[in-house]
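Data first, discussion second: the structure below is written as structure tokens.
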Number of protein chains: 2
Amino acid sequence: MARRASKELRPRQKAMLEFIRKFIDENDYPPTIREIGAAVGISSTSVVNYNLDQLERKGFIIRNREVSRGLRLADTQFGRRVRTVPFYGEIAAGEPLPVPDDPQLVDEAVAVPADMLPSTGDFFALKVKGQSMIDALVDDGDVILVRSQPQVETKEMAVVEIIDESNESGATLKYFYNLGDKVELRPANPDPAYQPIIVPAEKVRVRGKVIGVIRRYQ
Amino acid sequence: MARRASKELRPRQKAMLEFIRKFIDENDYPPTIREIGAAVGISSTSVVNYNLDQLERKGFIIRNREVSRGLRLADTQFGRRVRTVPFYGEIAAGEPLPVPDDPQLVDEAVAVPADMLPSTGDFFALKVKGQSMIDALVDDGDVILVRSQPQVETKEMAVVEIIDESNESGATLKYFYNLGDKVELRPANPDPAYQPIIVPAEKVRVRGKVIGVIRRYQ
DNA sequence: CTTGACAACGAACATTCGTTTGAGTATACT
DNA sequence: AGTATACTCAAACGAATGTTCGTTGTCAAG
């Protein structure tokens, strides 16, 4: 008998899957049997139908039969899932800058690959201004993903709020060092223009820990 | 005349939009005209069609006419927009390493925020191995987004294939410098262990230009 | 009152699209 | 050889689905 490993895909099936994914990506709805056939060079609809069955049997897609375009990707394989996190705006890594203290009413959001986020927790995104963290491979213009948490470990990169004398508070992006009753907020830039800040522990409020970076060129 | 503010929705249109959103959420494909009609209590398909036109004119949906279920939400609000790019595996920034030369048959893919990609072009993703580009703020383990293109400008970060003497080819991530009949592939790491490679222009094949970086901590 | 834009209806129509059928080829196993 | 499995093809059928058209009703402006 011509047995085949149950989860392996024939080149044709692979091409079909690739096309389906691309098609949905572009159109937001799945292709028809004939569209798939035309794309991968299959003249007979029954052949497409046959291979679609194979793809379903092997767990790559889920079919909704007798319905046009009744077909979806079985997202177990590929983390196609995306989550949106609220975008709070810019954070000046060099100089403190206010961050919206508001709870949830943020209208901007960025989509991030779901596998960039732990399954639990609250997250937000900020665009980095300045180059104080350049040695940490975080550049001006980068978008950082932050997990909301009230404290972080020493050496972790964190978004912290500094309670200013004048009651104003600003947020900054730094390496966090616990010095007991004080904390040191250390930039990652050899330029002497960037100096560590040491402040009493009660004067800082940790907003979260940086868990990811997204950068676009140009 | 019974003029109506152009962006306002009739109750019926609101119901339709609501249903469409819910339907897509549950099925991953859009409803048909008749399904919409049944859901909101419209007996005539032409009425659904008419209101669908209205919804499109008001900018809530985008129709792809003459195609079954050819309908998508124009959701500017929820940036559900994500695109998937094929994941080719790892690229050793330090040492050359083969990259799948195959055209399209890749089964792994990563989801990226749509706004990280230009609207046109072919893209792929690689995971960076090694630290040869550390000064370019690209670390070991980072995922780079690459736009497929046959040539790049000098100083751009590129994925290039080097045709080895022994007919083997490998891919590497470097800064690209055009020297006329030769090209220089320069790492971004001060460590003398990382040295520029200068090879005849005909020995290299540019695969694409790095357009983005995604990094996860921990 | 008449007119014209807006909204809705139902029926007929034309495609699109999934399904079924019957057949053909290749390979492996007995 | 004979048979079973996997894969492919072309053609035709019928259901699903978008489109068109003639008609009706409402409402506000002229």
Side-chain angles (χ1 to χ4, degrees), chain A residues 1-20 23-24 27-73, chain B residues 1-20 23-24 26-73 105:
Chain A
M1 292 183 221
R3 279 249 153 270
R4 197 176 306 279
S6 78
K7 289 289 179 168
E8 266 178 42
L9 290 186
R10 311 296 312 285
R12 194 169 246 189
Q13 289 161 9
K14 236 172 178 176
M16 284 172 57
L17 199 55
E18 188 67 27
F19 170 73
I20 293 170
F23 189 98
I24 293 179
N27 298 285
D28 280 359
Y29 51 77
T32 65
I33 284 185
R34 282 176 178 81
E35 283 166 341
I36 297 172
V40 300
I42 298 178
S43 61
S44 175
T45 56
S46 63
V47 177
V48 179
N49 187 57
Y50 169 82
N51 285 289
L52 242 25
D53 280 344
Q54 297 300 305
L55 284 174
E56 184 176 34
R57 197 174 57 76
K58 294 174 185 175
F60 288 88
I61 64 172
I62 297 170
R63 296 192 71 182
N64 202 336
R65 290 163 164 297
E66 318 202 358
V67 165
S68 69
R69 305 177 190 275
L71 155 63
R72 74 175 77 178
L73 294 171
Chain B
M1 291 183 218
R3 280 255 151 265
R4 196 178 307 279
S6 78
K7 290 288 180 170
E8 267 177 42
L9 289 186
R10 315 294 311 285
R12 194 170 249 188
Q13 289 161 9
K14 229 170 184 172
M16 284 172 57
L17 199 55
E18 189 67 27
F19 169 73
I20 293 170
F23 189 98
I24 293 179
E26 287 171 1
N27 299 285
D28 279 357
Y29 52 75
T32 64
I33 284 185
R34 283 175 178 80
E35 284 166 342
I36 297 172
V40 300
I42 298 178
S43 62
S44 173
T45 58
S46 64
V47 177
V48 179
N49 187 56
Y50 170 82
N51 285 290
L52 243 24
D53 279 344
Q54 297 301 306
L55 284 174
E56 183 176 36
R57 198 173 57 76
K58 295 175 184 174
F60 288 88
I61 64 173
I62 297 171
R63 296 193 70 182
N64 201 337
R65 293 165 161 293
E66 320 201 357
V67 164
S68 69
R69 306 177 189 273
L71 154 63
R72 75 174 75 176
L73 294 172
L105 312 179

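Fair warning: this is a prediction, and the values are worked out from it, not measured in the lab. Chain letters run A, B, ... following the sequence lines, proteins first and then strands; every chain starts at 1.
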Of all the nucleotides listed ([options]), which has the minimum atom distance to the side chain of [X]?
X     : options               : result
A:Q54 : D:dT19, D:dC7, D:dT17 : D:dC7
A:V47 : C:dT19, D:dC9, D:dT19 : D:dC9
A:S44 : D:dC9, C:dC17, C:dA8  : D:dC9

Indicate whether OP1 or OP2 belonging to [N] is found under 4.0 Å from a side-chain N or O atom of [X].
X     : N      : answer
A:R65 : C:dT19 : yes
B:N49 : D:dG18 : no
A:R34 : C:dT19 : no
A:Y50 : D:dC7  : yes
A:S68 : D:dA16 : no
A:R12 : D:dC9  : yes
B:R69 : C:dC17 : no
B:N51 : C:dA8  : yes

Check the distance between [N]'s [atom2] and [X]'s [atom1] and give it to me in whole angstrom.
X     : N      : atom1 : atom2 : answer
A:E35 : C:dT15 : CD    : P     : 17 Å
A:L71 : D:dA16 : CG    : C1'   : 17 Å
B:N64 : C:dT15 : CG    : P     : 18 Å
A:I36 : C:dT19 : CD1   : P     : 12 Å
A:I33 : D:dC13 : CD1   : P     : 19 Å
A:L52 : C:dT19 : CG    : C1'   : 13 Å
B:L55 : C:dC6  : CG    : P     : 16 Å

Flag, side chain of [X] to backbone of [Y], donor-acceptor distance under 3.5 Å:
X     : Y     : value
B:E35 : B:T32 : yes
B:N49 : B:T45 : no
B:R69 : B:P30 : yes

Checklist entry - So which one's nearest nucleotide on DNA chain C is more toward 5', B:I42 or A:E66? => result B:I42

Next on the checklist: I'd like to know if B:S46 reaches the base of D:dT19 with its side chain, counting only an N/O donor and acceptor under 3.5 Å.
Outcome noted: no

Item to check | Between A:D28 and B:Y29: side-chain donor-acceptor atoms closer than 3.5 Å | outcome: no

Next on the checklist: If I compare all heavy atoms of B:R63 with all of B:E56, which pair ends up nearest, and what's the gap?
Outcome noted: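 Nearest pair, atom of B:R63 first, then B:E56: N-OE2, 3.0 Å.
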
